[in-house]
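Let me begin by presenting the structure, written as structure tokens, before commenting on it.
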Amino acid sequence: MLSIWTDIQRRRLRAGNIPGHVAVIMDGNGTWAARRGLPRTAGHSRGAEALRRVTTEAAALGVKYLTVYAFSTENWKRPQAEIRHLMDLFAKYLREKVPDLVKNKITIRFLGGLKKFSPPLQKLMKTAEQKTTYAASPLLTVNVMLNYGGRAEIVHAANAALKVGEKKLTEETFTKYLFTAGLPDPDLLIRTSGQLRLSNFLLWQSAYTEFWFTRKCWPDFDGRLFRQAVRSFQRRQRRQGALHA
Ligand code: FPP
């Protein structure tokens, strides 16, 4: 049940400038679990629930793109059992949640070096993308970044441009070769768990992004914190190098 207070907060925020694109570094799953004497995998499972809550809130506020860092190029260095759990979690999410996404007119996209994932998981991703493609524009698009690294993406883009014989690139033409081609740059980037760094996420795209950090671990993240981040965004003056916004 939606509380009256939540409804009022959402209306107030919607009357202001809603960030069209929000990026999220979902950090602190392991810390959350360790604090409770649970295995790290329990933190990831609870993290998947937090992602569902945030997706609901982003859609309710009118955010158009939500881009989440689900697995980095560096995450392959983690113990095999943890990697396997994450892969199982992605597969479970895809098997169970697609009807919910369709019901709510939400599109899901997977971006990154996807070929490194098992063929059955790649197939699930493709099917989920197909099933959540609509004739009319979606309410919200969720981009799940997998086997993603900002530097690797830039090098991949440069090589793709060379391959098709580009002679001279501009900032505009270069962005066509990034995984995020066609997406606007993020307006707001949220990172949980008290870490104050970008960790190789959206290096090119976040040149003028506003950052918002919280000490809360990702499994504890919810709609209320998402609204707090959006409220902070609305109070900022974005100048992007000029004198006035
Ligand atoms: C970082 O926390 C989190 C990850 C590497 C995995 C993120 C994945 C999810 C939230 C699962 C849900 C995603 C989908 C698409 C279903 P950490 O393990 O680095 O935490 P720590 O810094 O406390 O160790």
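One-based numbering, in listed order, for ligands and for the atoms of each.
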In terms of side-chain geometry, is the basic nitrogen of Arg10 or Glu57 positioned less than 4.0 Å from the acidic oxygen of its partner?
yes

May I ask you to decide if the ring planes of Phe211 and Phe213 are parallel, tilted or perpendicular, using 30° and 60° as cut-offs?
perpendicular

Below 4.0 Å, non-hydrogen atoms only: which portion of Gln195 touches ligand 1? Side chain, backbone, both or neither.
neither

Nearest heavy atom to atom 13 (C) of ligand 1, choosing from Trp218, Phe90, Phe110, belongs to Phe90

Below 3.5 Å, N or O to N or O, backbone or side chain included: is there any such pair between Gly30 and ligand 1?
yes

Pair Arg11 + Asp7, salt bridge at N-O below 4.0 Å
yes

For atom 5 (C) of ligand 1, what's the nearest protein heavy atom and its distance?
Asn75 OD1, 3.6 Å

Are Val142 and Met26 connected into the same hydrophobic cluster when the rule is that any two of I, L, V, M, F, W, Y join if their side-chain heavy atoms are below 4.5 Å apart?
yes

Looking only at protein heavy atoms, what sits closest to atom 1 (C) of ligand 1 is Met26 O, 3.2 Å

Out of Leu89, Val142, Val68, the nearest non-hydrogen contact to atom 11 (C) of ligand 1 is supplied by Leu89

of all protein heavy atoms, closest to atom 19 (O) of ligand 1 is Arg78 NH2, 2.7 Å

Which residue and heavy atom of the protein sit nearest atom 6 (C) of ligand 1, plus the separation
Ala70 O, 3.5 Å

Run the numbers for me: atoms of ligand 1, each under 4.0 Å from some heavy atom of Tyr93, listed by number.
16 (C)

Are His156 and Phe179, when compared by the centres of their aromatic rings, separated by less than 6.0 Å?
yes

Using the ring of each side chain (for Trp, its six-membered ring), is Phe117 parallel, tilted or perpendicular to Trp76, with breaks at 30° and 60°?
tilted

Assign the ring pair His21 / Tyr65 to parallel, tilted or perpendicular, where the plane angle (0 to 90°) is split at 30° and 60°.
tilted

Would you say the side-chain atoms of His44 and Glu82 include a donor-acceptor pair closer than 3.5 Å?
yes

If you scan protein heavy atoms around atom 23 (O) of ligand 1, the nearest is Thr31 OG1, 2.4 Å

Cation-pi between Lys105 and Tyr134: NZ/CZ under 6.0 Å from ring centre and within 45° of the ring axis?
yes

Where ligand 1 meets Arg40 - atom numbers and elements under 4.0 angstrom, heavy-atom basis:
17 (P), 18 (O), 24 (O)

List the closest protein heavy-atom neighbour of atom 10 (C) of ligand 1: residue, atom name, distance to the nearest 0.1 Å.
Asn29 ND2, 3.5 Å

Does Asp27 reach ligand 1 with a nitrogen or oxygen that is under 3.5 Å from one of the ligand's nitrogen or oxygen atoms?
yes

Contact between ligand 1 and Lys92 is defined here as a heavy atom of the residue under 4.0 Å from a ligand atom; is it met?
no

Do Leu189 and Met145 sit in the same hydrophobic cluster, where Ile, Leu, Val, Met, Phe, Trp and Tyr count as joined when their side-chain heavy atoms come under 4.5 Å apart?
yes

Ion pair Asp27/Arg191, N-O distance below 4.0 Å:
yes

For ligand 1, does Phe71 get within less than 4.0 Å through its side chain, its backbone, both, or neither, judged by non-hydrogen atoms?
neither

Which residue from Ser45, Ala33, Ala48 reaches closest to atom 12 (C) of ligand 1 through any of its heavy atoms?
Ala48

For Gly28, is the nearest heavy atom under 4.0 Å from an atom of ligand 1?
yes

